[in-house]
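Start at 1 and go down the list; that is how both ligands and their atoms are numbered. In this chain, numbering begins with 1 at the start of the sequence shown. In what follows, every heavy atom counts, from backbone to side chain, and hydrogens, waters and symmetry copies are set aside.
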Amino acid sequence: MWKGRFQTETSNLVQKYGESISYDWRLYAYDIEGSIAQAAALQEAGIITKPEERKIAKGLREIKTEIETGEFRFRTSLEDIHMNIERALTEKIGDAGAKLHTARSRNDQVALDTRLYCRAESTALFDRVTTMQNALLTLAVNHPEAVVPGYTHLQRGQPVLFAHHLLAYIEMLERDKQRIRDCYKRINVMPLGSGALAGSTIILNRKLVAEKLGFPAITQNSMDAVSDRDYIAELLFIISMIGIHLSRLSEDIILWASAEFGFIELSDAHTTGSSLMPQKKNPDVAELTRGKTGRLVGNLMSLLMTIKGLPMTYNRDLQEDKEPLFDSLDQIKLALEVMAEMMAVAKVREDKTLEATSDPFLLATDLADYLVLKKVPFRDAHEIIGKLTAFSLTEARGFGELTLDEYRQFSDVFENDVFKVLDIKTALRARKAVGAPSPVNVGRQISKWQKRLSAAAAL
Ligand code: ARG
């Protein structure tokens, strides 16, 4: 492509080192879409004729079909997807093909292709996050009354509805969707016309190109436009965050599926056995999701480090943006799909969750609150219940098995009604502040999410 200035062929090693066609072939549809819009602008500017424009568009569409049917021969010597398609077009239609690159550089071309790719992929990602939310919601709806201990420091704290625990993840994923929406605005800006770095002396109608490609805005600084990869970094951050949310869920699943917890049973279809230990049923899907999250964060770091300290404007370093981007999107989409499939059919062992929740100490805070309602300052109440807990532990009898007289050894405020506090259902019903897990609240949240998610708000 640059044969004019050079006398020696590019070395084989350099070709091998610098090629991106082995992965950026995936941009082919966007590259072709962009080139068809470019041809329209060239025609409008009088650089090519209408028949030439038609020839270009037809040729490009044929190339697209050839790529999709596997007939197309990608050439490493042609470096990247842009040059592979341009060469094939010129070989196919001659001169008109050689005019396509007028007033365009691969620098603004690759920026356009990548934005088109990110745009389409953001939509796909958004939908898969919704699918994941729906799977969690289904599980919540199927077990509306299941109670589990809520933990801090992985120590039993207070009782909650299992559905409340699942709804927490739906909230996290909703924030991820908001982030995708917000990032989309910055992806959705059209860079073509920025040229190599300083536009062109041949003036093309950038608005027309933007309209043809469905962009609501066009970039305003050619130097920024050819070197801007912020939107990729943002997307990789969002993907990392989704991964981190899924990895936290994975950790819960791994714990819940253990004999120690036993709260859920994953289907055979989503677990694996051990080649050595015949009894094993391993939550590999959740472990892989937890593991792959490291890779997603790594991809984000990789791009940030690539951009750091780059001088203006385009530098070849930027070619390193694509593999992390493709990899992160491939992995997160798969993770969301498989996790959704697994969660939707997981079985909740309500007998086990109830057994765990029968731990009387889960209601220690409720006992302290009981004293507070009888005007004992909270700090005093906390100490009284602390001592009561120690007593109950040495006696090896739960709060429900102590007598009123024993309670009164710690505070004479205790009366017979204290035993009413020691009921999980009462304890849950009492947690009715906004955001707390009373059954009424959780029921409302479930209906809210059912409506919101079925309205299928696409990006
Ligand atoms: N394959 C290149 C990339 O992905 C396309 C742009 C090349 N531009 C250049 N001036 N060498 O970044």
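Residue contacts with ligand 1: Lys322 is placed with a nitrogen or oxygen under 3.5 Å of a nitrogen or oxygen of the ligand (distance criterion only). An N or O contact shorter than 3.5 Å links Gln319 to ligand 1 by distance. When only interatomic distances are considered, the shortest N/O to N/O separation between Tyr314 and ligand 1 falls below 3.5 Å.
Of all the heavy atoms in Phe326 and Asp24, the pair that sits closest is CE1-CA, 4.1 Å.
Of the protein's heavy atoms, Arg106 NH2, 3.4 Å lies nearest to atom 11 (N) of ligand 1. Atom 10 (N) of ligand 1 has Asn107 OD1, 3.1 Å as its closest protein atom, hydrogens excluded (heavy atom only).
Interface atoms of ligand 1 facing Ser20, defined by a heavy-atom separation under 4.0 Å, are 1 (N). Listed by number with element, the atoms of ligand 1 under 4.0 Å from a non-hydrogen atom of Asp80 are 1 (N), 2 (C), 5 (C).
Gln158 pairs in a side chain to side chain donor-acceptor pair (under 3.5 Å) with only one of the listed residues (Thr152, Asp366, Thr357, Thr365), which is Thr365. Screening Thr219, Asn188, Asp228 for a side chain to side chain donor-acceptor pair (under 3.5 Å) involving Arg115 leaves a single residue, Asp228.
A tilted orientation is assigned to the rings of Phe263 and Trp256, their planes being inclined by 30° to 60°. Tyr151 and Phe261 have tilted rings, their planes meeting at an angle from 30° to 60° on a 0 to 90° scale.
Residues Phe72 and Phe74 bring their aromatic ring centres within 6.0 Å.
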